[in-house]
Amino acid sequence: MGWQKKGLGHSYDLISGHAFMSGARSRMILACMIYCKLCGVCNVAERVGKEPEEHKCCKHYEGSSKGMEAFAALELVKKVTA
């Protein structure tokens with residue numbers, strides 16, 4: 001799992017992360033997942049009290065940052081075995 005921000009110690013406040021699964025023999029990437037907890041368009045609309053305009057929302061993970069890594073690993077396995 002990769003992170004967009006370097007955490008020190010036990011800080012689990014990351015907004016996004018990415019995960020890759022590679023083959024043991026082929027050493028090629030088999031699947032990748034990118035997770036984001038915030039969307040800039042939705043956040044701005046919420047701040048001004050309006051409905052966000054139609055857009056491709058990048059917010060597709062809800063939960064703790066600490067659980068993002070385990071969730072990504074499970075989704076990668078599902079994606080590869082499907």
Atom pairs and distances, donor-acceptor, side-chain atoms in residues 51-58, under 3.5 Å, two or more places apart:
unit_1	atom_1	unit_2	atom_2	d
His55	ND1	Glu53	O	2.7

| query | Are more than 12 heavy atoms from other residues, nucleotides or ligands located less than 6.0 Å from atom CG of Leu74? | reply | yes
| Just checking, any donor-acceptor pair under 3.5 angstrom between side chains of Lys37 and Ser16? |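 Checked: Lys37/Ser16 side chains show no N/O donor-acceptor pair below 3.5 Å.
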| note | Tightest non-hydrogen contact, residues Lys59 and Cys39, listed as CB-CB, 4.0 Å
| For the student: nearest non-hydrogen atoms of Gly67 and Tyr61, plus distance | C-OH, 3.3 Å
| What about His60 and Tyr35, are their ring centers closer than 6.0 Å? | yes
| request: Please tell me if the side chains of Val80 and Met21 come closer than 4.5 Å, counting only heavy atoms from C-beta onward. | output: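 With C-beta onward as the side chain, the pair touches.
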| Distance in Å, Ile34 CD1 paired with Phe20 CZ, rounded so as to fall on 0.5 Å steps | 6.0 Å
| query | What about Val77 and Leu30, same hydrophobic cluster or not, with Ile/Leu/Val/Met/Phe/Trp/Tyr joined at side-chain heavy-atom distances under 4.5 Å? | reply |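 Yes; Leu30 is reachable from Val77 via cluster members.
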| Counting only N and O atoms by type, is there a donor-acceptor contact under 3.5 Å from the side chain of Lys79 to the main-chain atoms of Cys32? |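 Here the side-chain-to-backbone pair exists.
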